[in-house]
Protein chains: 2
Amino acid sequence: MPARYEQIAAELREAILGGTYPVGSHLPSEAALAARHSAARGTVRQAVALLASEGLVGSRQGARRVVLRGERDQLFGEPYDFARWAGALGHRAGGEVIGRRRRKASATEAVRLAVCAGEEVLSMLRLRTLDGVPVLVERAVYASWVVPAVEVLEPGCESVVGALGETAGLAFRHGEHLIDAVAAGVQEARLLAVRRGSPLLRRRRLTSTAEGRPVEWSDDRYRAGSVVFATRSPGGVNPSLAGQDGDLR
Amino acid sequence: MPARYEQIAAELREAILGGTYPVGSHLPSEAALAARHSAARGTVRQAVALLASEGLVGSRQGARRVVLRGERDQLFGEPYDFARWAGALGHRAGGEVIGRRRRKASATEAVRLAVCAGEEVLSMLRLRTLDGVPVLVERAVYASWVVPAVEVLEPGCESVVGALGETAGLAFRHGEHLIDAVAAGVQEARLLAVRRGSPLLRRRRLTSTAEGRPVEWSDDRYRAGSVVFATRSPGGVNPSLAGQDGDLR
DNA sequence: CAGTGGTCTAGACCACCAA
DNA sequence: TGGTGGTCTAGACCACTGG
């Protein structure tokens, strides 16, 4: 049973996306919403704060809340799942595992995954395709404590995170993303069918359990022009200086 | 005079960044904080919610709040300001305006800036340097209603957004970002001193007033390796398919 | 089990906006 | 000037955590 304010937020969200409150129009006042739902004003405020954090509505002291957007963003805050993402957009996801092996964690990986340096992790290289076109080279490293669960999966498994959620009953969320541009190396050029040195969009991402325990640290490189990352500001995008290895300084 | 909850948040933030509460340690309970500040628990909750939204602390029902990070992220949720950003990182920002002219808004720009198609906007091209090294080509378009305020600024003005905030008393925030990788064109290669076709990190961003009125729509291209964009998940990063022009589909 | 955060209520005062 | 959102208070009950 969702919380009361989540129900109210859901109802308002559907009304906005459904056109009851068009972009630019005003939401009912907090007092009116409270009366309609027989709830306290504070509860209604929690609901609209949720919508504001999603960028759907804006507010100014003294004036009614305004609807800012009328369409849903894809995949709100959900953990990254290539297969599901492609499916939701009406495309066919494919791919193959190029390599998979156990090895010791590097220093950086140990920090990212919050494991001891030198502990054994599972390293995996895969190529992802969209409607048969190669678009992504993924280099993932899994924390030692999930390695057993990952190793029993089919090598052709399309979604490791999705499968872990089902078999191990784990809930995931994303932690951090580091996004930059790099030039394609020899291997990447071959896999993605581009020239060496051509631009790739790199996203390094950390997937954690809902409690904040790191599960997967991955370096994903997309062929330029195939995807765009979109974010809204609260939760923000922070430019940072990069060092020679492309990591933060 | 900042609000009470902002004062409490600021005090806690300083304590965290100053090492009083190291990463992994627990914050005092809400009840304790409320007593210490002679405030109601609700007010304390507003304060810690602010810290949580900054990613500094995490929480689980039933357990004390945990400190997640001990360092400040640059420019939290603040509107983008190249000069201030560089300064905060201890680097010297420079640059020059390459071109500035009025012209009619394109269809895309009209949508982004929420102005009528064909309305007159101000287009500006600038090169930004960091410690003398060129890192960024910025192509900004300003909405018609701020053009007068922008045009009176010195051409050498380092921060348009900052200057507008002072002269026009406007508060800004960022709306959306679209991030991808592109190959350097002839002009960009020359300005950034890289080879044509080499990778650039592109960020298109929309700056709006606090009420959600669009002010500036900009296409920023960074030399690869100079910056990394970092985001945390709530507020999320959503991969989307790109069309031929790199815009969303 | 006692303590904690998550939710909710029912008031209150203020600054600000629009008419 | 009346309505609105922003802030704050002082309670309450619950679900969950930890020892």
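These values consider heavy atoms only, across backbone and side chains, with no hydrogens, waters or symmetry-generated copies. Residue numbering restarts at 1 for every chain, and letters A, B, ... go by the order of the sequence lines.
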| message | So if I define the base as every atom that isn't primed, P, OP1 or OP2, how would nucleotides 3-13 of chain D read as a B/S/- string at a heavy-atom cutoff under 4.0 Å? | response | BBBBBSB--B-
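- Using a 4.5 Å heavy-atom threshold, the side chains of B/Phe229 and B/Leu201 count as touching.
- Side-chain contact between B/Val121 and B/Tyr142: absent, with no pair of heavy atoms (C-beta onward) separated by less than 4.5 Å.
- In this structure, the side chains of B/Glu30 and B/Arg65 come closer than 4.5 Å at one or more pairs of heavy atoms.
- A salt bridge links B/Asp219 to B/Arg202: one of the charged nitrogens lies within less than 4.0 Å of a carboxylate oxygen.
- In this model, no donor atom of one side chain and acceptor atom of the other lie less than 3.5 Å apart for A/Ser144 and A/Glu120.
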